[in-house]
J.: 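Here it is: the structure, laid out below.
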Amino acid sequence: MVKLFCDKIRRLLILPPFFKQIMPRNASSYKVLNVAEKNDAAKRISDMLSGHQFQRREGFSKFNKIYEFDYYMLNKHCQMIMTSLSGHLLNYDFVGNYRKWSSCHPLSLFDAEIEKSVTENMNNIKKTIEKEIRSCQALLIWTDCDREGENIGFEIIDICQNVKPSISIYRAKFSEITERSVNNACRSLAQPDRRTSDAVDVRQELDLRIGAAFTRFQTLRLQKVFPQVLSNKLISYGSCQFPTLGFVVERYKAREQFQSERFWKIEVTHTQRHGDEVDQMQVTTFSWKRGRLFDELACKVLHENCIEPPAVAAVIDVNSRPRSRWRPVAMETVELEKLSSRKLKINAKETMKIAEKLYTQGYISYPRTETNIFPKDIDLRRLVEDQTQHPIWGDFSQRLLELDGGPTPRNGRSTDKAHPPIHPTKFTCSLTGNEAKIYELITRHFLACCHRDAQGHETTVEVKLGGEKFSAQGLMIIAKNYLEVYPYDRWNAKVIPVYNVGDEFEPTDVKMTQGATTAPPLLTEADLISLMDKHGIGTDATHAEHIETIKNRMYVELTNDQRFLPGELGLGLVEGYNMIGYQMSQPDLRAELEADLRKICEGNADKDQVLRHHIAKYRRVFEEALSKAEKLDEALSVYFGTASQVNCQVLNPSEVSTSLRPCPSCGKDMIIKRKKDDGFMVSCMGFPQCRNAAFLPKSVISINVDESVCGVCQPRPVHRVRLKLDSRNIPSYFDSEQVACIGGCDEDITNILGIRFKASEGTAQSQNGQRHYSRHNQNNHRGEQGSGSRLSTIRGGGRGAARKRSASGKRKMSTSVANNADTGLENDIPECNCGVRAIELTVRKEGPNHGQRFFKCSKTNRGCGFFLWADAPVRRNNRSTSALTENQGHSSTTSGVTYSATCRCSLPAVHRTVHREGTNKGRSFYACSKPRENGCGYFEWADQDNSKNSAGASRNKENLIGNDTVSRPSARGRKPPTCSLCHEGGHTRRGCPKK
DNA sequence: GCAAGGTC
């Protein structure tokens, strides 16, 4: 009772202004929704702000209660509603088919649309917040004051603004959850920091895109290449797990490459009676000041000097000084993990699991902390008092309380401004097993940290023998202090006799010994955590998880003495990427990102620029990895045997491309996909909501998305494609291999492929910026649109509209061959020899007819062979080629003379250029426009003097060379033969006179 | 089936 009263008095003394702040509940009319990052924080903050007068009720989530109390702030009486989340509420993921491994190319994940949505088990928390905010006028964010906390704060804001756009928003800034700190936060309310939150968005997006792309690529490929070993393995990549693996591999390699060296040294021993005791001898060993020599002969020479008579050692210096052994610094998570692993042999994952359990049971403080500084107002005395009951360290605790100044912790320099160092919060001696060990470690560490450094006295004696110097040290421990409670540190006393400067003695022995350097040992878990911590890989809360991941993935394994050894898969992956040319397992990439994230927080970098930079960087690496993937196979085949041959384009069963274009109907990406019958189709990623698709004809042998983008087609970006067509099924004037746009601007290709994308009414969305709100490479990233746009991801606002449009697109989608209604020439279109309306095309080839329009049979293969220049007179219902007899044919100017070329079929000849290597490369020629097997074989060089052949038909006969005009020219079209024996013209080898 | 970050 007395203690309770004292507590109250003390609180009032500490916080006199707040006494008046606690008002009767009914007095408040201004309602404020307070949201903390976790229930524990919400409860503690409520307890402190309310002076322990809060009321508790249930929300939708059984883990996240609602606390109510009255409080005076913002110059008014406030009715405070406090609830909490459980960490992040939202999570990024890909949209639609991008989530499916087999439905998109991993490369497309660098651009694929992503969205934030509520994590499934967080729905109840969201419902609570949505319900509570309705009756509130203000929102006060109490998430942890770190980067992630700021981002979580904006998740809360998004939800609340969605329900109540006019809500007033405040941010509580606090460095620890203490009465002083939380009350101060209420007196100096701030605004949430968008830049810090943006930095987290950037990290989240990059982690998702890079992790998913590389994981799918590695897994899909290597499962096929090494089916016997890896068929069921998930081969993941992550920006934290890979550097963690890299540390293990690096140490392993250092050991493998280590070359042991022999060395030699000299050691002097001096044995003398211990005090007055006759039978107790004391041996003092003096170490060589040179340490060791790697030259045996040199060591031998010096050793001989030492043993050369009279071989008397002279004491040249005696130095005596106080020595301290420092008590441990207040415990942060990384230290707990390392100590537990080293001293208790409990791995980090298990340690954190136990620590979390102890925390939830109230035995220890929050175990995920980067703080090693105790807050000034923490009641250390009470915490130590608790421990005085303990049978083992109870007495030590009592002595600690009786020290001058009481408990004085040794603080470090880091703080996460959210949690205090790890310390016991409640006495217990009923725990068992590892739980008891972890509690003991935390408690002993806390008591040791609050005690005093150990004190000792060190004496160093230096002697000279044969010109060489040697020294010996002795240690006398004066006060063990913290060491009494801290068995994890050792500080051994070492007694040496008294020596005085000027003393001389005859050494008992002067030995030359031999040794060899040894390889660095494999990493322990504690070493690994230290390296991760040093290089900023992961956080205190995730170190253990990353280590666990690389163990689960079989990248590493543990030796009998619990050291990390890389497995074959881990070694192969690291070596494979090194062979490709990228040090994927080095921590630098992550460190560079961390540096950029700091710049975003500081306002020194633009989040979109950082995002673009890193995505572009990783995309380059990824493309390189794709193109050199066989190197990965090669590296792994060292361990897994011969690699199975796989088509490097085949990354997954459906053979899918990167984004070809935005869907004109719904705005989502359209990709090229292989059909079951081996043909190709262009398909919308919005399937099945959007069924916009186009099926390509059999004449398409291969089609790949090119990097180049069409400058005409909308909505942008519409990529060109690298096409390979079956020359037997296309008009002969048409290049079978080309880079072309199939977005609609090129009517030739559009009509030949019979492809047209249908746009719905919603096409305009691509121009109003909604579709790409979350795509990194569009300059309208969600953050720039304010929190309202972010919210649309939760409620499906902006994107919902797109989905509706998808539905309409489904109905309107057409894959039919385009007609010419939009050309305005419908009435002038002739019928071909098949009796159907011809199609109008434009000459694409560079040459005299470039840009000219013409009609041809509409069938995708050659059809009937009908051809007519668009500016030629049209004869309707023309079922013969008579219309074409009037045509002008191709015309060209050579030597200033214009002429027309017509082939023997009386068709206008086509103008082409020789591409094949050889003497005629670059020459242009005219040839029959029909497919080779049906044509007349007409051929004529364009640079020959054709002026005398004004009549095409008569000239044709002289220039006929058969069907094969370029690759295998026939005798009539050739130059005179050149003999392969004498190299003279006019005859062949067979008729060579020199034969 | 993918990341890393919160949290229970």
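Proteins get letters first, then strands, A, B, ... in listed order; numbering begins at 1 in each.
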J.: Under 4.0 Å between a side-chain nitrogen and a carboxylate oxygen: does that hold for A/R368 and A/E370?
T.: no

J.: For A/Q241, report the nucleic acid contact type (base, sugar-phosphate, nothing); a contact means any heavy atom under 4.0 Å.
T.: sugar-phosphate

J.: Taking NZ, NE, NH1 and NH2 as the nitrogens, is one of them in A/E132 or A/K127 under 4.0 Å from a carboxylate oxygen of the other?
T.: no

J.: Are A/D608 and A/R612 ion-paired here, with the side-chain N under 4.0 Å from a carboxylate O?
T.: no

J.: Go through the structure and list residues passing ring pair (Phe, Tyr, Trp, His ring centres under 6.0 Å) with A/F242, not counting sequence neighbours.
T.: A/Y237, A/Y577

J.: Give one of base, sugar-phosphate or nothing for A/T219, where a contact means two heavy atoms less than 4.0 Å apart.
T.: base

J.: Only counting residues at least two apart or in another chain, list the ones meeting ring pair (Phe, Tyr, Trp, His ring centres under 6.0 Å) with A/F640.
T.: A/F226

J.: Which part of the nucleic acid, if any, lies within contact of A/R368, taking any heavy atom under 4.0 Å across all strands shown: a base, the sugar-phosphate backbone alone, or nothing?
T.: base

J.: Which residues pass the ring pair (Phe, Tyr, Trp, His ring centres under 6.0 Å) test with A/H535, sequence neighbours left out?
T.: A/F247

J.: Considering every strand and a 4.0 Å limit on heavy-atom distances, what is the contact class for A/S86: base, sugar-phosphate, or nothing?
T.: base

J.: Select base, sugar-phosphate, or nothing to describe what A/Q218 touches, counting heavy atoms under 4.0 Å on all strands.
T.: nothing

J.: For A/Y439, enumerate each residue passing the ring pair (Phe, Tyr, Trp, His ring centres under 6.0 Å) test, keeping only those at least two apart in sequence or located in another chain.
T.: none

J.: Starting from the 5' end of DNA chain B, give me the residue, A/N121 or A/R590, whose nearest nucleotide shows up first.
T.: A/R590

J.: Touch check for A/G149, heavy atoms < 4.0 angstrom, all strands: base, sugar-phosphate only, or nothing?
T.: nothing

J.: Quick one: label A/N64 by what it contacts on the DNA or RNA (base, sugar-phosphate, nothing), any heavy atom closer than 4.0 Å.
T.: base

J.: Base, sugar-phosphate or nothing for A/Y366? Non-hydrogen atoms, less than 4.0 Å.
T.: sugar-phosphate

J.: Please work out if A/E37 contacts a base, only the sugar-phosphate, or nothing of the nucleic acid, heavy-atom cut-off 4.0 Å.
T.: sugar-phosphate

J.: Under a 4.0 Å heavy-atom cut-off, which of residues 227-237 of chain A touch DNA chain B?
T.: A/L234, A/S236, A/Y237

J.: Extract, from 5' to 3' on DNA chain B, the first and final nucleotides lying under 4.0 angstrom from some heavy atom of chain A.
T.: B/dG1 to B/dC8

J.: When you check the gap from the basic side-chain N to the acidic O, do A/R221 and A/D633 get nearer than 4.0 Å?
T.: yes

J.: Is it true that A/D40 and A/Y359 share a donor-acceptor pair across their side chains at a distance under 3.5 Å?
T.: yes

J.: Taking the nucleotide of DNA chain B with the closest heavy atom to each, which residue, A/I210 or A/S61, is nearer the 5' end?
T.: A/I210

